[in-house]
Amino acid sequence: MALKPISRIAAGVQASTTLVIDSLFKQMKAEGKDVVGFGAGEPDFPTPEHIKQAGIEAIENNLTRYTPAAGLMELREAACYRLKTDFGLEYEPKQIVVASGAKHSVYIALMTLCNPGDEVVIAAPYWVSYSEMVQQAGAKPVIVAAGEEQDFKITAAQLEAAITDKTKAFMLNSPCNPTGMVYTREELEAIADVCCRHNIYVIADEIYCNLVYDDIEFVSFASLNEDVKNRTIIVNGVSKSYAMTGWRIGYSASNPELAKVMSNYLSHSTSAPSTISQHAAIVALKGPQEDMQVMKQAFEARRDHLVERMNRIEGVSCIKPQGAFYVMMNMKNFLGKQMYGKTIESAEDFAQLFLEKGLVATVPCTAFAAPAFVRWSYATSLAEIDKGLDRLEEFIKNA
Ligand code: PMP
Ligand code: GLU
(Lines give C-alpha, C1' and ligand atoms only; values in the text may rest on other atoms or scores of the structure.)
(Ligands and ions follow the chains in the order given, each with its own letter.)
Protein backbone atom coordinates (compact mmCIF):
# COMPACT_ATOMS: atom_id res chain seq x y z
CA MET A 1 0.00 0.00 0.00
CA ALA A 2 1.36 3.44 -0.87
CA LEU A 3 2.15 5.45 2.23
CA LYS A 4 0.17 8.60 2.95
CA PRO A 5 1.67 11.85 1.64
CA ILE A 6 4.02 13.60 4.03
CA SER A 7 3.67 17.21 5.18
CA ARG A 8 3.13 19.56 2.23
CA ILE A 9 5.31 22.20 3.87
CA ALA A 10 8.18 19.78 4.50
CA ALA A 11 7.94 18.29 1.02
CA GLY A 12 8.30 21.78 -0.46
CA VAL A 13 11.56 22.58 1.35
CA GLN A 14 14.56 22.83 -1.00
CA ALA A 15 18.06 21.84 0.14
CA SER A 16 20.24 24.86 0.99
CA THR A 17 22.27 25.76 -2.13
CA THR A 18 25.15 27.04 -0.03
CA LEU A 19 25.39 23.84 2.00
CA VAL A 20 24.95 21.61 -1.07
CA ILE A 21 27.86 23.38 -2.81
CA ASP A 22 29.95 23.25 0.33
CA SER A 23 29.50 19.50 0.71
CA LEU A 24 30.19 18.94 -3.01
CA PHE A 25 33.38 20.99 -2.66
CA LYS A 26 34.48 19.04 0.44
CA GLN A 27 33.72 15.75 -1.28
CA MET A 28 35.77 16.72 -4.37
CA LYS A 29 38.64 17.71 -2.11
CA ALA A 30 38.43 14.42 -0.23
CA GLU A 31 38.62 12.63 -3.59
CA GLY A 32 41.96 14.36 -4.13
CA LYS A 33 40.76 16.93 -6.71
CA ASP A 34 42.62 20.23 -6.75
CA VAL A 35 39.45 22.30 -6.28
CA VAL A 36 39.40 25.86 -4.86
CA GLY A 37 36.46 26.83 -2.66
CA PHE A 38 34.60 30.14 -2.55
CA GLY A 39 31.30 28.48 -1.66
CA ALA A 40 30.00 28.47 1.89
CA GLY A 41 30.57 31.60 3.91
CA GLU A 42 32.56 30.51 6.88
CA PRO A 43 35.76 32.05 8.22
CA ASP A 44 38.84 30.00 7.36
CA PHE A 45 40.49 30.98 10.68
CA PRO A 46 40.50 28.60 13.62
CA THR A 47 38.41 29.54 16.64
CA PRO A 48 40.64 31.76 18.86
CA GLU A 49 42.62 29.84 21.47
CA HIS A 50 41.04 31.35 24.61
CA ILE A 51 37.57 30.45 23.30
CA LYS A 52 38.58 26.88 22.52
CA GLN A 53 40.03 26.60 26.03
CA ALA A 54 36.68 27.63 27.52
CA GLY A 55 35.03 24.73 25.67
CA ILE A 56 37.71 22.30 26.85
CA GLU A 57 37.36 23.53 30.44
CA ALA A 58 33.59 23.13 30.30
CA ILE A 59 34.06 19.47 29.45
CA GLU A 60 36.76 18.96 32.07
CA ASN A 61 34.66 20.64 34.75
CA ASN A 62 31.67 18.46 33.90
CA LEU A 63 29.61 21.40 32.68
CA THR A 64 27.83 18.99 30.39
CA ARG A 65 24.22 18.99 31.53
CA TYR A 66 21.08 20.70 30.23
CA THR A 67 20.80 24.46 30.57
CA PRO A 68 17.61 26.58 30.65
CA ALA A 69 15.87 26.53 27.25
CA ALA A 70 16.79 30.16 26.51
CA GLY A 71 20.43 29.54 27.44
CA LEU A 72 22.68 30.04 30.45
CA MET A 73 22.03 33.23 32.42
CA GLU A 74 25.72 34.15 32.11
CA LEU A 75 25.56 33.85 28.31
CA ARG A 76 22.41 35.98 28.12
CA GLU A 77 24.17 38.56 30.30
CA ALA A 78 27.17 38.41 27.99
CA ALA A 79 24.90 39.09 25.00
CA CYS A 80 23.38 42.08 26.86
CA TYR A 81 26.89 43.32 27.58
CA ARG A 82 27.82 43.22 23.87
CA LEU A 83 24.59 44.89 22.75
CA LYS A 84 25.15 47.67 25.29
CA THR A 85 28.89 48.08 24.65
CA ASP A 86 28.75 47.90 20.87
CA PHE A 87 25.43 49.63 20.09
CA GLY A 88 24.30 51.33 23.32
CA LEU A 89 21.27 49.01 23.46
CA GLU A 90 19.67 48.21 26.82
CA TYR A 91 18.35 44.66 27.09
CA GLU A 92 17.77 42.44 30.10
CA PRO A 93 18.75 38.75 30.07
CA LYS A 94 15.06 37.76 29.91
CA GLN A 95 14.95 39.41 26.46
CA ILE A 96 17.77 37.24 25.11
CA VAL A 97 17.11 33.78 23.69
CA VAL A 98 20.11 31.63 22.78
CA ALA A 99 19.60 29.17 19.93
CA SER A 100 21.62 26.60 18.00
CA GLY A 101 23.10 29.08 15.51
CA ALA A 102 21.80 32.36 14.12
CA LYS A 103 19.96 30.39 11.44
CA HIS A 104 17.98 28.75 14.20
CA SER A 105 17.30 32.14 15.79
CA VAL A 106 15.82 33.39 12.50
CA TYR A 107 13.77 30.21 12.29
CA ILE A 108 12.21 30.51 15.76
CA ALA A 109 11.64 34.23 15.23
CA LEU A 110 9.58 33.40 12.13
CA MET A 111 7.79 30.56 13.92
CA THR A 112 6.93 33.01 16.69
CA LEU A 113 5.62 35.78 14.44
CA CYS A 114 3.85 34.06 11.57
CA ASN A 115 0.40 32.60 11.10
CA PRO A 116 -0.45 30.62 7.95
CA GLY A 117 -1.19 33.09 5.17
CA ASP A 118 0.87 35.94 6.62
CA GLU A 119 3.29 37.70 4.30
CA VAL A 120 6.92 38.41 5.09
CA VAL A 121 8.79 40.93 2.96
CA ILE A 122 12.34 39.95 2.02
CA ALA A 123 14.80 42.29 0.32
CA ALA A 124 16.57 40.56 -2.60
CA PRO A 125 19.26 39.50 -3.21
CA TYR A 126 18.76 37.59 0.03
CA TRP A 127 20.39 34.72 1.86
CA VAL A 128 18.90 31.51 0.48
CA SER A 129 17.49 30.28 3.80
CA TYR A 130 15.18 33.25 4.39
CA SER A 131 12.51 32.37 1.84
CA GLU A 132 12.60 28.69 2.80
CA MET A 133 12.23 29.45 6.50
CA VAL A 134 9.32 31.83 5.86
CA GLN A 135 7.58 29.01 4.01
CA GLN A 136 8.40 26.53 6.76
CA ALA A 137 6.53 28.88 9.08
CA GLY A 138 3.50 28.61 6.75
CA ALA A 139 3.87 32.21 5.58
CA LYS A 140 4.44 33.66 2.12
CA PRO A 141 7.71 35.34 1.12
CA VAL A 142 7.19 38.60 -0.75
CA ILE A 143 10.37 39.46 -2.61
CA VAL A 144 11.40 43.06 -3.21
CA ALA A 145 14.36 43.25 -5.57
CA ALA A 146 17.23 45.73 -5.47
CA GLY A 147 19.60 45.65 -8.42
CA GLU A 148 23.29 46.37 -8.65
CA GLU A 149 22.52 49.93 -9.84
CA GLN A 150 20.99 50.67 -6.43
CA ASP A 151 23.84 48.96 -4.58
CA PHE A 152 21.55 45.99 -3.91
CA LYS A 153 19.67 47.98 -1.25
CA ILE A 154 15.91 48.42 -1.33
CA THR A 155 14.37 51.81 -0.63
CA ALA A 156 11.71 52.60 1.95
CA ALA A 157 9.33 53.35 -0.95
CA GLN A 158 9.88 49.87 -2.39
CA LEU A 159 9.20 48.32 1.00
CA GLU A 160 6.03 50.38 1.45
CA ALA A 161 4.76 49.35 -2.00
CA ALA A 162 5.12 45.67 -1.04
CA ILE A 163 3.16 45.94 2.21
CA THR A 164 -0.42 44.62 2.30
CA ASP A 165 -2.82 44.02 5.18
CA LYS A 166 -1.34 40.52 5.42
CA THR A 167 2.24 41.71 5.97
CA LYS A 168 3.53 40.55 9.33
CA ALA A 169 7.25 41.21 9.14
CA PHE A 170 10.19 42.54 7.16
CA MET A 171 13.51 40.73 7.08
CA LEU A 172 16.48 43.05 7.15
CA ASN A 173 20.05 41.85 6.71
CA SER A 174 22.77 44.47 7.02
CA PRO A 175 25.63 43.83 6.29
CA CYS A 176 23.98 41.59 3.75
CA ASN A 177 24.70 38.06 2.64
CA PRO A 178 25.17 37.77 -0.38
CA THR A 179 25.76 41.42 -1.38
CA GLY A 180 28.00 42.67 1.45
CA MET A 181 26.10 45.96 1.40
CA VAL A 182 25.46 47.99 4.54
CA TYR A 183 22.41 50.23 5.00
CA THR A 184 23.16 53.78 6.15
CA ARG A 185 21.49 55.36 9.16
CA GLU A 186 19.28 57.49 6.89
CA GLU A 187 18.19 54.48 4.85
CA LEU A 188 17.37 52.56 8.01
CA GLU A 189 15.43 55.48 9.45
CA ALA A 190 13.27 55.65 6.33
CA ILE A 191 12.68 51.87 6.47
CA ALA A 192 11.90 52.06 10.19
CA ASP A 193 9.35 54.79 9.56
CA VAL A 194 7.51 52.53 7.10
CA CYS A 195 7.59 49.58 9.52
CA CYS A 196 6.21 51.65 12.39
CA ARG A 197 3.47 53.30 10.32
CA HIS A 198 2.31 49.93 8.97
CA ASN A 199 2.77 48.19 12.32
CA ILE A 200 5.00 45.37 11.11
CA TYR A 201 7.71 43.44 12.92
CA VAL A 202 11.32 43.42 11.76
CA ILE A 203 13.77 40.56 11.98
CA ALA A 204 17.13 42.33 11.86
CA ASP A 205 19.82 39.77 11.08
CA GLU A 206 23.01 41.50 12.23
CA ILE A 207 25.30 38.46 12.21
CA TYR A 208 27.92 40.34 10.13
CA CYS A 209 27.84 43.49 12.33
CA ASN A 210 31.55 43.26 13.14
CA LEU A 211 32.65 42.80 9.55
CA VAL A 212 32.23 46.31 8.16
CA TYR A 213 35.11 47.97 6.28
CA ASP A 214 36.38 51.41 5.22
CA ASP A 215 35.28 52.95 8.54
CA ILE A 216 31.66 52.66 7.44
CA GLU A 217 29.21 53.01 10.33
CA PHE A 218 27.19 49.95 11.28
CA VAL A 219 23.82 50.91 12.79
CA SER A 220 21.87 48.33 14.77
CA PHE A 221 18.25 48.64 13.64
CA ALA A 222 16.82 48.47 17.19
CA SER A 223 18.95 51.44 18.22
CA LEU A 224 16.89 53.87 16.09
CA ASN A 225 14.11 54.47 18.66
CA GLU A 226 11.94 52.71 21.28
CA ASP A 227 9.06 51.91 18.91
CA VAL A 228 11.49 50.30 16.46
CA LYS A 229 13.23 48.40 19.27
CA ASN A 230 9.92 47.03 20.55
CA ARG A 231 8.96 45.57 17.15
CA THR A 232 12.42 44.28 16.21
CA ILE A 233 13.92 40.87 16.83
CA ILE A 234 17.68 41.30 16.53
CA VAL A 235 19.50 38.16 15.44
CA ASN A 236 23.20 37.78 16.10
CA GLY A 237 25.66 35.08 17.05
CA VAL A 238 29.25 33.99 17.35
CA SER A 239 29.70 32.07 14.06
CA LYS A 240 31.10 34.82 11.86
CA SER A 241 32.65 37.28 14.34
CA TYR A 242 34.61 34.67 16.28
CA ALA A 243 35.15 31.95 13.64
CA MET A 244 32.79 29.60 15.49
CA THR A 245 30.51 28.26 12.74
CA GLY A 246 30.63 24.68 14.03
CA TRP A 247 29.87 25.54 17.65
CA ARG A 248 26.28 26.42 16.68
CA ILE A 249 25.43 29.36 18.92
CA GLY A 250 23.21 32.27 17.89
CA TYR A 251 20.98 34.57 19.91
CA SER A 252 18.11 36.98 19.57
CA ALA A 253 17.14 40.12 21.47
CA SER A 254 13.52 41.22 21.46
CA ASN A 255 10.72 42.44 23.69
CA PRO A 256 10.16 40.10 26.68
CA GLU A 257 6.84 38.71 25.41
CA LEU A 258 8.36 37.56 22.13
CA ALA A 259 11.41 36.19 23.94
CA LYS A 260 9.18 34.13 26.23
CA VAL A 261 7.36 32.55 23.28
CA MET A 262 10.63 31.81 21.48
CA SER A 263 12.00 30.21 24.64
CA ASN A 264 8.85 28.07 25.03
CA TYR A 265 9.24 26.97 21.42
CA LEU A 266 12.84 25.91 22.03
CA SER A 267 11.93 24.07 25.21
CA HIS A 268 9.99 21.57 23.08
CA SER A 269 12.37 21.35 20.15
CA THR A 270 16.07 21.49 21.05
CA SER A 271 15.64 21.86 24.86
CA ALA A 272 18.66 24.20 24.72
CA PRO A 273 21.81 24.66 22.65
CA SER A 274 24.95 22.65 23.47
CA THR A 275 26.13 23.49 26.99
CA ILE A 276 29.81 23.25 26.05
CA SER A 277 29.37 25.68 23.17
CA GLN A 278 27.48 28.07 25.43
CA HIS A 279 30.44 28.21 27.82
CA ALA A 280 32.78 28.96 24.93
CA ALA A 281 30.38 31.65 23.63
CA ILE A 282 30.41 33.44 27.02
CA VAL A 283 34.18 33.85 26.69
CA ALA A 284 33.85 34.91 23.03
CA LEU A 285 31.41 37.70 23.89
CA LYS A 286 32.99 38.87 27.15
CA GLY A 287 36.67 38.14 26.54
CA PRO A 288 39.28 40.03 24.49
CA GLN A 289 38.09 41.10 21.04
CA GLU A 290 41.51 41.47 19.37
CA ASP A 291 41.34 38.24 17.38
CA MET A 292 38.20 39.49 15.70
CA GLN A 293 39.97 42.69 14.65
CA VAL A 294 42.83 40.69 13.14
CA MET A 295 40.37 38.55 11.13
CA LYS A 296 38.48 41.64 10.03
CA GLN A 297 41.64 43.28 8.70
CA ALA A 298 42.49 40.12 6.79
CA PHE A 299 38.99 40.03 5.25
CA GLU A 300 39.26 43.68 4.22
CA ALA A 301 42.60 43.11 2.47
CA ARG A 302 41.20 40.07 0.68
CA ARG A 303 38.14 42.00 -0.44
CA ASP A 304 40.28 44.80 -1.87
CA HIS A 305 42.42 42.35 -3.78
CA LEU A 306 39.54 40.24 -5.08
CA VAL A 307 37.48 43.22 -6.24
CA GLU A 308 40.41 44.92 -7.91
CA ARG A 309 41.51 41.80 -9.81
CA MET A 310 38.02 40.61 -10.70
CA ASN A 311 37.23 43.93 -12.35
CA ARG A 312 40.28 43.53 -14.58
CA ILE A 313 38.97 40.24 -15.98
CA GLU A 314 37.22 40.52 -19.34
CA GLY A 315 33.51 39.72 -19.22
CA VAL A 316 32.83 39.90 -15.47
CA SER A 317 32.57 42.72 -12.95
CA CYS A 318 31.61 43.43 -9.35
CA ILE A 319 30.81 46.40 -7.16
CA LYS A 320 32.79 46.84 -3.95
CA PRO A 321 30.98 45.35 -0.97
CA GLN A 322 31.20 47.21 2.34
CA GLY A 323 30.93 44.32 4.78
CA ALA A 324 30.55 40.56 5.39
CA PHE A 325 32.82 38.38 3.20
CA TYR A 326 31.03 38.03 -0.12
CA VAL A 327 31.43 39.50 -3.58
CA MET A 328 28.67 39.41 -6.19
CA MET A 329 30.25 38.70 -9.56
CA ASN A 330 28.13 40.03 -12.40
CA MET A 331 28.19 37.43 -15.20
CA LYS A 332 25.29 38.70 -17.30
CA ASN A 333 27.58 39.00 -20.35
CA PHE A 334 27.67 35.22 -20.54
CA LEU A 335 23.91 34.65 -20.39
CA GLY A 336 22.68 33.14 -23.64
CA LYS A 337 26.28 32.53 -24.82
CA GLN A 338 28.00 29.21 -25.53
CA MET A 339 30.69 27.99 -23.14
CA TYR A 340 32.33 24.62 -23.53
CA GLY A 341 29.59 23.61 -25.96
CA LYS A 342 26.80 24.53 -23.56
CA THR A 343 24.40 27.48 -23.63
CA ILE A 344 24.63 29.43 -20.38
CA GLU A 345 21.00 29.99 -19.38
CA SER A 346 21.65 31.01 -15.78
CA ALA A 347 24.20 31.64 -13.06
CA GLU A 348 23.67 28.02 -12.10
CA ASP A 349 24.92 26.81 -15.51
CA PHE A 350 27.94 29.10 -15.21
CA ALA A 351 28.81 28.01 -11.66
CA GLN A 352 28.39 24.35 -12.52
CA LEU A 353 30.70 24.59 -15.54
CA PHE A 354 33.18 26.66 -13.55
CA LEU A 355 33.33 23.90 -10.95
CA GLU A 356 33.53 21.12 -13.52
CA LYS A 357 36.03 22.68 -15.95
CA GLY A 358 37.71 25.32 -13.80
CA LEU A 359 37.72 23.42 -10.48
CA VAL A 360 36.43 26.45 -8.59
CA ALA A 361 33.39 26.30 -6.27
CA THR A 362 31.20 29.42 -6.18
CA VAL A 363 27.52 29.90 -5.38
CA PRO A 364 25.10 30.77 -8.20
CA CYS A 365 22.79 33.50 -6.94
CA THR A 366 19.69 32.08 -8.59
CA ALA A 367 18.54 30.88 -5.17
CA PHE A 368 19.31 34.35 -3.77
CA ALA A 369 16.93 35.88 -6.35
CA ALA A 370 19.82 37.39 -8.36
CA PRO A 371 20.12 35.09 -11.41
CA ALA A 372 22.84 37.06 -13.24
CA PHE A 373 25.31 36.83 -10.36
CA VAL A 374 27.67 34.31 -8.83
CA ARG A 375 28.71 34.76 -5.19
CA TRP A 376 32.35 34.41 -4.12
CA SER A 377 33.03 34.06 -0.43
CA TYR A 378 36.44 35.56 0.31
CA ALA A 379 36.73 33.87 3.69
CA THR A 380 39.77 32.14 2.29
CA SER A 381 43.47 33.00 1.89
CA LEU A 382 44.91 35.51 -0.59
CA ALA A 383 46.80 32.66 -2.24
CA GLU A 384 43.55 30.76 -2.81
CA ILE A 385 41.87 33.94 -4.08
CA ASP A 386 44.63 34.39 -6.65
CA LYS A 387 44.41 30.75 -7.64
CA GLY A 388 40.64 31.09 -8.10
CA LEU A 389 40.99 34.24 -10.20
CA ASP A 390 43.75 32.72 -12.33
CA ARG A 391 41.40 29.86 -13.01
CA LEU A 392 38.54 32.24 -13.82
CA GLU A 393 40.74 33.92 -16.45
CA GLU A 394 41.64 30.56 -17.95
CA PHE A 395 38.05 29.32 -17.78
CA ILE A 396 36.78 32.33 -19.70
CA LYS A 397 39.68 32.34 -22.18
CA ASN A 398 39.33 28.67 -23.07
CA ALA A 399 35.54 28.62 -23.26
N1 PMP B 1 22.28 34.90 8.78
C2 PMP B 1 23.03 35.11 7.70
C3 PMP B 1 22.76 36.30 6.86
C4 PMP B 1 24.03 34.21 7.36
O5 PMP B 1 24.78 34.42 6.26
C6 PMP B 1 24.26 33.09 8.15
C7 PMP B 1 25.31 32.14 7.68
N8 PMP B 1 25.43 30.97 8.17
C9 PMP B 1 23.44 32.92 9.28
C10 PMP B 1 22.46 33.85 9.57
C11 PMP B 1 23.53 31.72 10.16
O12 PMP B 1 24.61 31.68 10.99
P13 PMP B 1 24.83 30.46 11.99
O14 PMP B 1 25.98 29.70 11.45
O15 PMP B 1 25.12 31.10 13.32
O16 PMP B 1 23.58 29.66 12.02
N1 GLU C 1 25.67 31.49 5.71
C2 GLU C 1 26.74 30.83 5.03
C3 GLU C 1 26.55 30.96 3.53
O4 GLU C 1 25.69 31.66 3.09
C5 GLU C 1 26.92 29.40 5.50
C6 GLU C 1 26.08 28.34 4.85
C7 GLU C 1 24.63 28.48 5.20
O8 GLU C 1 24.30 28.25 6.36
O9 GLU C 1 23.89 28.87 4.31
O10 GLU C 1 27.31 30.41 2.80
Side-chain angles (χ1 to χ4, degrees), residues 9 12-14 17 103 105-107 109-208 219-222 224-225 227-235 252 254 258 319 324 328 365-373 375:
I9 287 186
V13 177
Q14 303 295 313
T17 320
K103 188 183 278 185
S105 298
V106 174
Y107 179 80
L110 286 164
M111 286 298 185
T112 298
L113 296 178
C114 295
N115 283 315
D118 283 351
E119 293 177 359
V120 176
V121 180
I122 303 177
Y126 58 83
W127 177 42
V128 55
S129 293
Y130 286 168
S131 56
E132 293 290 338
M133 289 195 278
V134 166
Q135 291 176 83
Q136 284 174 29
K140 183 177 156 216
V142 174
I143 310 301
V144 178
E148 197 182 31
E149 69 294 343
Q150 57 186 92
D151 284 347
F152 298 119
K153 292 191 275 187
I154 67 160
T155 62
Q158 281 182 291
L159 172 61
E160 187 148 32
I163 291 174
T164 70
D165 54 4
K166 295 203 184 99
T167 309
K168 182 60 77 65
F170 169 56
M171 308 210 37
L172 175 70
N173 180 212
S174 174
C176 173
N177 174 7
T179 68
M181 286 305 166
V182 180
Y183 282 79
T184 65
R185 180 178 292 279
E186 293 68 36
E187 288 162 348
L188 291 177
E189 275 167 357
I191 285 171
D193 176 57
V194 172
C195 297
C196 293
R197 276 193 287 110
H198 291 273
N199 193 18
I200 60 175
Y201 291 97
V202 177
I203 298 176
D205 181 344
E206 302 183 347
I207 186 95
Y208 296 101
V219 179
S220 179
F221 195 66
L224 293 178
N225 64 50
D227 187 1
V228 172
K229 186 179 172 208
N230 194 37
R231 64 180 64 253
T232 297
I233 301 180
I234 294 181
V235 171
S252 59
S254 65
L258 291 175
I319 60 171
M328 294 282 274
C365 292
T366 323
F368 298 66
F373 293 86
R375 189 192 79 175

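The first residue in the sequence is number 1, and the count goes up from there.
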State whether the side chain of [X] and the backbone N or O of [Y] hold a donor-acceptor pair below 3.5 Å, judged by distance alone.
| X | Y | answer |
| --- | --- | --- |
| N230 | T232 | no |
| Y130 | V106 | no |
| E206 | S220 | no |
| S174 | C176 | no |
| E132 | V128 | no |
| D118 | N115 | yes |
| R231 | V202 | no |

Is the shortest side-chain heavy-atom distance between [X] and [Y] below 4.5 Å?
| X | Y | answer |
| --- | --- | --- |
| T164 | E119 | yes |
| L159 | V144 | no |
| F373 | T179 | no |
| M171 | V120 | yes |
| C365 | P125 | no |
| I163 | I200 | yes |
| V142 | K166 | no |
| I207 | V235 | no |

Qualifying residue, where the test is side-chain contact (heavy atoms from CB on, under 4.5 Å) with L172 and the options are L188, D205, I234:
L188
How many angstroms lie between [atom1] in [X] and [atom2] in [Y], if you round to the nearest 0.5 Å?
| X | Y | atom1 | atom2 | result |
| --- | --- | --- | --- | --- |
| T167 | K140 | OG1 | NZ | 9.5 Å |
| Y201 | S254 | OH | OG | 10.0 Å |
| I203 | I233 | CD1 | CD1 | 5.5 Å |
| H198 | D165 | NE2 | CG | 11.5 Å |
| C195 | F221 | SG | CZ | 5.0 Å |

Taking only residues two or more places apart in sequence or in another chain, which ones pass side chain to side chain contact (heavy atoms under 4.5 Å, CB included) with S129?
K103, W127, M133
Could you check whether atom CZ of F368 has more than 12 heavy atoms from other residues, nucleotides or ligands sitting under 6.0 Å from it?
yes
Least distance between heavy atoms, [X] atom then [Y] atom:
| X | Y | answer |
| --- | --- | --- |
| M111 | Q136 | CE-O, 3.5 Å |
| L113 | K168 | O-NZ, 2.8 Å |
| P178 | R375 | CB-CD, 3.5 Å |
| L110 | A137 | O-CB, 3.9 Å |

Once salt bridge (charged side-chain N to carboxylate O under 4.0 Å, His left out) is applied, do any residues pair with E187, and if so which ones, sequence neighbours excluded?
K153
Of all residues at least two apart in sequence or in a different chain, which pass the side chain to side chain donor-acceptor pair (under 3.5 Å) check with Q158?
Q150
